[in-house]
Amino acid sequence: VIAVTSMRRRDLLKLAAAAAAPSAWMRGTALAQPRLAADPFRLGVASAPAADGAVVLWTRLALDVEARIASVSGLAFGDYLAARDAAGGTAAGTTGADQPVRWELAADDNFRDIVRRGTATALAELGHSVHVELGGLEPRWYWYRFLLGDATSAVGRTRPGFAPGAAGGSPQRFRFALASCQHYEHGWFGAYRHMLADNPDAVVFVGDYVYEGGPRHNRMRPHPFPSARTLADYRLRHALYRLDADLQRMHAACPWIVTWDDHEVSNDYAGDVGEDPAVDGAARRAAAYQAYYEHMPLPAAALVARFSHVRIFRRIDIGSLASFAVLDDRQYRDRQACQPEGRGGSSTIDESCAARTEPQRRLLGREQMAWLDAELAAAARAGVRWNFIAQQTLFSPLARDGRPKRYWSDGWDGYPAERQRVLEALARHRPRNPVFLGGDVHSNYVCDVPDAIDGNDAASGPAVATEFCGTSISSPSGWSPERARRVAALNPHVRLVDVERRGYGLFDVTRQGLRASLRTVGDVRQPMPALDTLAMFDVADGRAGASRA
Ligand SMILES: [Fe+2]
């Protein structure tokens, strides 16, 4: 108790970092273990690989989350605000004291061989989330669980990441799933049941983990509350999504490598400016970022400036077999080019928008671009075999039909100078087998990333990288198959486009090659949609570009 009281006086970021590092903090400290009326671990468990034999273990205590959701569900906006604050006791939507949560990491799923254990503090200030960061582990599977009072969490399974040179840290094969865009209102997350059966070593999630909007009444299961604005709102939103059993089971099955896109905050935001200047700004973003941190297995290193900035771009290595440069294309970007008067957000623009091609415009921002350049150089020096660039959206240029030439201002086509900087970094450092992974467009695109991108005219030149931009878990694309066919015909570097199907990508990586299986599901309004494989593509070591298997 004394430890918690004195810790409370310290800065929140130091608290979070300390809570995540059990060797330095609270290990074995005896706090009274409460008796609990309901299972506090109903939001599940999760983990993430980190560098050098490290993992991050996560849970968040759901002390009264369903009651909180139920108490505000379906209310009109004004009533919602009043009920939310009354139910929460505080505007931040969390009540109660900090809680000492015990955790165990074992070499077996029965926890007979426990290799580490300790106690972390679920801080009320951080929504009673728990982040445990462990290093110095072996290249193997581990199992973990959390305990509070007489409650025990579900068991999670995880594997640490390893630097390229680490002894024994490089597996012969690595299987991961690529997912994005799980819109609650449009369907169930049944795709995860099939993913679970595919038994990947990791999941790479590239954004739109939650959607921030209010209910739309023509949808399958409308969001039960208005558009999220405050920390309490975003906490409720994440909790609602995290109560999904399929999502929970997938998190428990293997570690996830996560980054965000726009809807974790608000549609098409850029920097700290969203679509509506009246409600979108730094405060809304900080609230959303805090809730995101509280619900994800992110390392304490993410917390650089309370929550006005959260650094989630990072590199995660799977020995010398694979490296993931995980990017953040939202937080540091310039505003979209040629926005309508008085508004933020994106639009379709045409050749008359000169700002689009201005060389100083940034999508990743100066610091992140410099970091990516350095990481690509380091990965090339270290001899990493497959260099994945996990980012948000379609990287390859996409010529659209019609005249004048039109561009979607939110994607890489809206920031061609920044795309050129990334291509130049690839050309300069020549990391082996660069592969772009993306989402956002709710469609499957397989592309041979071309070298010469001339003002987003039809791309030309040899492939310098391979791209798999994956479809959504449940969000619809809004494109007709006819439009997709017309656009594909204009873009010879696009090897496949499919706008109709939801699902995920499954990637089997060996030193010789990569096989990508585009897993698709049937009607996501069914809890268990049928599984299909739309296509399989192979990428051979040393040769950019995908070929149909
Ligand atoms: Fe999305």
Side-chain angles (χ1 to χ4, degrees), residues 177-192 195 203-216 219-223 227-228 234 237-238 240-242 244 247 250 256-270 274-275 280 285 288-289 291-292 295-296 312 326-331 333 336 344-348 363 390-395 398 408-414 436-445 467-479 484 497-505 518-521 524-525:
L178 172 67
S180 62
C181 296
Q182 47 192 26
H183 202 311
Y184 183 89
E185 297 190 307
H186 285 288
W188 300 98
F189 303 158
Y192 287 122
M195 189 190 288
V203 175
V204 177
F205 193 94
V206 292
D208 291 358
Y209 190 91
V210 296
Y211 282 73
E212 82 288 5
R216 299 277 184 86
R219 292 186 174 163
M220 189 203 89
R221 47 172 183 171
H223 282 138
S227 181
Y234 285 107
R237 186 73 48 144
H238 277 276
L240 176 73
Y241 280 56
R242 269 297 172 88
D244 184 276
L247 180 59
M250 200 61 237
W256 284 42
I257 297 169
V258 298
T259 186
W260 54 38
D261 195 17
D262 54 337
H263 287 287
E264 284 86 351
V265 179
S266 70
N267 188 43
D268 289 346
Y269 80 97
E275 284 183 319
D280 289 320
R285 192 182 85 169
Y289 282 8
Y292 186 84
H295 289 84
M296 291 295 159
I312 64 169
V326 183
L327 305 188
D328 172 358
D329 86 0
R330 285 286 157 196
Q331 188 170 189
R333 67 159 69 190
Q336 291 88 350
S346 63
S347 53
T348 301
L363 185 68
Q391 47 86 53
Q392 283 69 26
T393 191
L394 184 69
F395 181 81
L398 193 69
W408 179 238
S409 70
D410 195 60
W412 287 94
D413 276 345
F436 288 87
L437 304 173
D440 177 51
V441 291
H442 310 168
S443 304
N444 269 305
Y445 284 85
E467 175 167 25
F468 295 95
C469 188
T471 190
S472 57
I473 292 293
S474 61
S475 310
S477 76
W479 278 42
V497 53
D498 181 86
V499 299
E500 294 173 88
R501 293 167 182 83
R502 315 281 74 80
Y504 57 95
L518 308 184
R519 304 289 245 169
T520 56
V521 296
V524 293
R525 290 168 300 178

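Residue numbers start at 1 and run along the sequence shown. As a basis for the values below, the full set of heavy atoms in this structure was taken, side chains included, without hydrogen atoms, waters or symmetry mates. In listed order, ligands and their atoms are each counted from 1.
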Verify the neighbour count for atom CZ of R525: are there more than 12 heavy atoms of other residues, nucleotides or ligands below 6.0 Å?
no

Are the ring centres of Y184 and Y241 closer than 6.0 Å?
yes

Among the N/O/S atoms of D208, select the one at the shortest distance from the Fe ion (ligand 1) and name it.
OD2

Strictly under 2.8 Å, is the Fe ion (ligand 1) approached by any N, O or S atom of [X]?
X    : result
C181 : yes
S180 : no
H263 : no

Please work out which of the three classes, parallel, tilted or perpendicular, describes the rings of H238 and Y209, given edges at 30° and 60°.
parallel

Among D261, L178, V258, exactly one meets side-chain contact (heavy atoms from CB on, under 4.5 Å) together with F205. Which residue is that?
V258

